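For reference, the structure is listed below as structure tokens.
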Amino acid sequence: MNGKYSKEVARAIEMIWMSFDPEEMQKGYEMLEKAAENGDADAFCYLARCNMGEEYVWDGGGFATDEDKASQLLKRSILLGSASGVLCALRNDNLTPSVERDMPFGSLADAFAEISRQAECGDAFCNYMIANVYFWGDYMVINKDSADDFEDEESYQAWAYPIAAKFYERSFDAGLTAGFGNYRTIYESELGDIDTDCYEEYFERLADGNDPRVCSDYGKYLEDEYEDCEEEVFGRYRKAYDMGDIQSAYNVAVCYANGYGVDEDIDEAFRYYLIAAKSGHARAQFQVGNFYFEGRGNITQDYAKAFVWLARSYDNSDEENRWQQAAELAILHQNGLGTVQDDEMAFKRLAEVEDVIDEVWEPLDAMVLNALGVAYAFGRGTEADIEKGIGYFDRAIEYGSEEASRNRARFKKGVFGIGGWKLR
């Protein structure tokens, strides 16, 4: 309840949320710890944010996510009188009734007013927090009577988004990039009175700064929206990676793989795919698995390594985006390549691909069609349905599968026609 941040907290915020330098960020964290030891309420709040994960702080800073620790630090900050702690806790459901009852503010509106005063004085993070209050709808919690002013969510957004946009812009002008994702949502909603020139001006300016995430996102924006800018797109992706955004290694890899903005180099593509894959990027993990599955560039075919990476990618992907992994895993399971032979698991993965079989690429399409034929015709992993299996063999043969031809040849047609297929 001091009306402004201490010099130590203000400096620590700059080091942690504006430098994107891991060493600087760690020094800022240590500065917060010392300030907290001296009873600085806001220091507890920002220490909490450092432990809340990538939605609250750049993951390149190396801070461990610890929600329990963050919750305790945040509550401590509120009880000591941090208005920032109040708004942060309101945003992430840490403002329990007991904490709200014991906080040294007359109301949530009082805490909001204090941060508003700091925002008006130009503080970057306070402008960002005020913008979030409007953007996320916390304003209606702080001012409960206001909820009656809006018929639905869209009517609220039509009122709140233009206000939020102005506060985000003030935070950008003061050097903070944290709110750009929300700002982009406002722009795309067309409810925030943000014209394209203004949006792109902020986007480019922030991309030229220290935040590798915005730099990478700007590259993707240029790739999607404009033609004849391949070299700049590649340059943005590469710059983001060089600034410490490991996830951008995937975009760099795709550029090398497709000769987009840089000379095509499949081996360089694999090198960057592997970097991104090791950081947990699901699509990069699939690409690494695919390299080993097919044997591409200087990478020798290795089914054991393919299985490891494909399984990781499968586990890290949502259900709608893992059929490609499932297709290759099915082949490995059915044939015991790089893993234990398992018909039931093979068919389980094949079932995920069966409805999208026309989207499978060459030469995997023929392999999957043959695998489906094997599963149905020979009853491997599912009940036998020879007619269905033969149908899949015939489709695989059309794609040039010699294995499907051999499997198909094992059946002869009975005198009673349909349903009369038998093994030779």
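In this text, all values refer to a predicted model and were calculated from it rather than measured experimentally.
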Atom CD of Glu294 with >12 non-hydrogen neighbours under 6.0 angstrom: yes
Cationic tip of Arg236 above Tyr218 ring, under 6.0 Å, 45° of axis: no
Side chain to side chain contact (heavy atoms under 4.5 Å, CB included) partners for Ala326, two or more places apart: Tyr314, Arg349, Glu352, Val353
Candidate list Glu354, Arg395, Lys388, test side chain to side chain contact (heavy atoms under 4.5 Å, CB included), partner Leu372, passing option: Glu354
Polar side-chain atom of Gln301 near backbone of Tyr292 as donor-acceptor pair, under 3.5 Å: no
All side chain to side chain contact (heavy atoms under 4.5 Å, CB included) counterparts of Asp318, not counting sequence neighbours: Glu320, Asn321
Pairs touching residues 14-27 that satisfy side chain to side chain donor-acceptor pair (under 3.5 Å), sequence neighbours left out: Arg11-Glu14
Identify all side-chain donor-acceptor contacts of residues 248-255 below 3.5 Å with residues at least two apart in sequence or on another chain.
{"residue": "Ser248", "atom": "OG", "partner": "Ser216", "partner atom": "OG", "Å": "3.2"}
{"residue": "Ser248", "atom": "OG", "partner": "Asp245", "partner atom": "OD2", "Å": "2.5"}
{"residue": "Asn251", "atom": "ND2", "partner": "Ser216", "partner atom": "OG", "Å": "3.4"}

Candidates Tyr5, Phe167, Tyr168, Tyr46 - the one meeting ring pair (Phe, Tyr, Trp, His ring centres under 6.0 Å) with Phe125: Tyr46
Any pair counted as side chain to side chain donor-acceptor pair (under 3.5 Å), so long as it reaches residues 169-180, sequence neighbours left out: Glu120-Arg170, Glu169-Tyr183, Asp173-Tyr202, Asp173-Arg205, Thr177-Asp211
All side chain to side chain contact (heavy atoms under 4.5 Å, CB included) counterparts of Leu79, not counting sequence neighbours: Asp102
Ser401 side chain to Ile397 backbone, donor-acceptor under 3.5 Å: no
